[in-house]
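Below is one structure, written out as structure tokens; the observations come after it.
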Amino acid sequence: MRIRYEVVALLVVTVFLGIMLAVARREDINLEQIEPSLVVRSSYRTFPEGYKALYMAFDKLGFDVHRLLRPYPLLPERGTLIVADAVAEHDYTEYEIQQLLKWLARGNHALVLIEYHPDILIEFIHDKQNTGDAAKENEPSEEGWQEKPWPVDVEQWWYEQGVELEDEQSATMYTARPVIPSFLAEAAPELRIRSTRRLKADALLPDRVAARVGGVVPLYRDDLGVVAAYSAVGEGGIVWCVSPWSFSNRGIGEASNFDLVLALASLQPAGPVIFDEYHQGFGTGMSVWTLAPTLTKLGALQVALALALLLISLGWRFGKPRLPDDERFTRSRAEYLTSMAGLLERAGATHVALQRVHTLLRREVARRAGMPGNTPLAQLAEVNSQIAVVDQQRLHQVVQLITVLEEQPRPDAAALLRLTAEVQRLLRRT
């Protein structure tokens, strides 16, 4: 037996849907964190790596909490900025860094968390002193415009001088303690750390970054190296930390992790706590689909696929159309007319047939005479006497016969049959 292509397509779609459901139900697969470097640490996310808990904690404490959906030049006048290891879906620019430094110099502070993505550090190096060199790097060549490469010292510092842990070490939770006394050390005597990076005491930041922000001093360290450092910028400053996990939904409740951020935000109690969502890829004009996690999008696609499958399957006809048994054979026109005639005769409804013949005659003569179809026969007869669209004498006889039959409640069937024949002969003659 030949299988129709609709059946094959239906089987393929069904198997695909089953595979998708099986993958979504597997407990050993985390669709949200297949690769740690691709994690989006956003305040919109309620997954363990997200920052929703930190956002809600400040909101419950009465702080004005903002999500920054635009570049740094549009930061509010006062506040505390949190940059959580952004994947940089929107690239940092030199102008943004300049405006950020001016904003910090006015007495504001920023908590910059970097582990897999040192993009913000890279842009810190593209300062005014290097503008000429950067322009030379971007000069057009025979192959067209060349993309500006990463500064070599950031690559060397981040990927060689920084302490990179083994997988088993990076998955272990460590405790970091203050290196020097500070307002943060008083509020947060220890931090719980889980990160793939540490900073060496002699290489906290690349030299060009440290020079631009006014230096850097270590704040916290554990047995493997420095995990947090501080740079003073005018009246404000930046807290650098290599453990974004410590302030995520999973880690914010450990040790004094939340106390450190609270102490930093308390320096500007009247200013908002600002989460940088712009460089995470969230900006003005985003939709609910943009905010939905991967698992939710997968579920929505599965539902859409299931509905499409349902509609398609309901619309498919498997095989040729088959009429009911009582409709498989057509009836001839003569059989239909005979049945109708017999029905009218048994009902004695000859007046109905008379009315039908009258209407047919009136409309046909009116059409030939170019007059409205509801024009009375008497008026049509007067017009026909002048233009003769049909035989005038025969028309006069037919009109008289119709007048006589209409006076009868039940016109005689034989007379009605003769009338019908006369009407047909009248209309056939031109």
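- The backbone N or O of P269 sits nowhere less than 3.5 Å from a side-chain atom of S266 that would complete a donor-acceptor pair.
- Using modelled atom types, one side-chain atom of N257 and one backbone atom of S246 make a donor-acceptor pair closer than 3.5 Å.
- Going from atom CZ of F63 over to atom CG of L262 covers 5.5 Å, rounded to the nearest 0.5 Å.
- Contact check for N108 versus T80: no side-chain heavy atoms found under the 4.5 Å cut-off.
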*asked:* Walk me through whether Y72 and H279 qualify under side chain to side chain contact (heavy atoms under 4.5 Å, CB included).
replied: CA-CA 10 Å; Y72 289 156; H279 295 98; 3.6 Å; yes

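- Within the 4.5 Å cutoff, the side chain of V383 has no heavy atoms near those of the T375 side chain.
- A centroid separation of less than 6.0 Å is found between the aromatic rings of F58 and F258.
- Looking at L264 and F183, their side chains come closer than 4.5 Å, going by heavy atoms from C-beta outward.
- Atom CG of residue L260 and atom CG of residue L191 lie 5.5 Å apart, to the nearest 0.5 angstrom.
- With hydrogens and angles ignored, the 3.5 Å screen pairs a side-chain donor or acceptor of N384 with a backbone N or O of V390.
- No donor-acceptor contact under 3.5 angstrom links the side chains of H351 and E406, judged on distance only.
- Judged by the 6.0 Å distance and 45° axis criteria, R177 is not positioned over the aromatic ring of Y220.
- For the pair I193/R198, a side-chain contact is recorded, criterion being any heavy-atom separation below 4.5 Å from C-beta on.
- Atom CG of D85 and atom CZ of R197 lie 10.5 Å apart (nearest 0.5 Å).
- Using a distance-only test at 3.5 Å, with no hydrogens or angles considered, no donor-acceptor pair links the side chain of W240 to the main chain of L111.
- The backbone N or O of P244 sits less than 3.5 Å from a side-chain atom of Y51, completing a donor-acceptor pair.
- One finds a salt bridge joining E94 and R212 here, because a Lys/Arg side-chain nitrogen approaches an Asp/Glu carboxylate oxygen to under 4.0 Å.
- In plain terms, the two heavy atoms of P178 and A188 that are nearest each other are CG-O, 4.2 Å.
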Report the C-alpha separation of S231 and L205 in whole Å, then their side-chain angles, then the decisive distance to 0.1 Å, and conclude whether the side chain to side chain contact (heavy atoms under 4.5 Å, CB included) test is met. CA-CA 10 Å; S231 296; L205 289 178; 3.8 Å; yes

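- Looking only at distances, a side-chain donor or acceptor of N249 sits under 3.5 Å from a matching main-chain atom of F47.
- Side-chain atoms of E96 never come within 3.5 Å of backbone atoms of P73 as a donor-acceptor pair (strictly under, hydrogens ignored).
- Considering every non-hydrogen atom in both G237 and L104, the closest pair reads O-CD2, 3.7 Å.
- Shortest non-hydrogen contact noted between I387 and A369 is CD1-CB, 3.9 Å.
- V179 places none of its side-chain heavy atoms less than 4.5 Å from the side chain of V217.
- Remark: the backbone N or O of T175 is not paired with any side-chain donor or acceptor of D222 at under 3.5 angstrom.
- In R356, the CZ atom is not crowded: 12 or fewer heavy atoms of neighbouring residues, nucleotides or ligands sit closer than 6.0 Å.
- Proximity of I274 to L75: side-chain heavy atoms (C-beta onward) are separated by under 4.5 Å at one or more points.
- The shortest heavy-atom contact between S42 and F282 is OG-CE1, 3.4 Å.
- A side-chain donor-acceptor contact under 3.5 Å links R362 to the backbone of G373.
- The two residues A263 and L184 make their nearest non-hydrogen contact at CB-CD2, 4.0 Å.
- With Y230 as the fixed residue, the side chain to side chain contact (heavy atoms under 4.5 Å, CB included) test singles out one of L219, L204, V213, I180: L219.
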Under the side chain to side chain donor-acceptor pair (under 3.5 Å) rule, what do E277 and S43 come out as? Steps first, then yes or no, please. CA-CA 8 Å; E277 297 294 347; S43 63; 2.5 Å; yes

Worksheet item: Passes side chain to side chain contact (heavy atoms under 4.5 Å, CB included), R368 versus L427? Steps please.
Response: CA-CA 10 Å; R368 296 182 184 184; L427 296 179; 4.1 Å; yes

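- For K52, the NZ atom sits in a packed shell: over 12 heavy atoms of surrounding residues, nucleotides or ligands are nearer than 6.0 Å.
- For the pair F247 and I82, the minimum side-chain heavy-atom distance is 4.5 Å or more.
- The shortest heavy-atom contact between A187 and D259 is O-CB, 3.4 Å.
- With ring centers used as reference points, Y92 lies 6.0 Å or more from H117.
- Using modelled atom types and a 3.5 Å distance limit, the side chains of T172 and R194 yield no donor-acceptor pair.
- Between F275 and H66, the distance separating the two ring centers is not shorter than 6.0 angstrom.
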Evaluate L199 against V242 for side chain to side chain contact (heavy atoms under 4.5 Å, CB included), listing each step before the verdict.
CA-CA 8 Å; L199 305 177; V242 297; 3.9 Å; yes

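- When atom types are taken as modelled, the side chain of D276 and the backbone of L69 share no donor-acceptor pair closer than 3.5 angstrom.
- For the atom pair CG of L361 and CG of L380, the computed distance is 8.0 Å after rounding to the nearest 0.5 Å.
- S195 and W245 share no side-chain donor-acceptor pair at under 3.5 Å.
- Atom-to-atom distance recorded for R250:CZ and R192:CZ is 11.0 Å, nearest 0.5 angstrom.
- Atoms CE and CZ, on M371 and R363 in that order, are 15.5 Å from each other to the nearest 0.5 Å.
- The shortest side-chain heavy-atom distance between E115 and S243 does not fall under the 4.5 Å cut-off.
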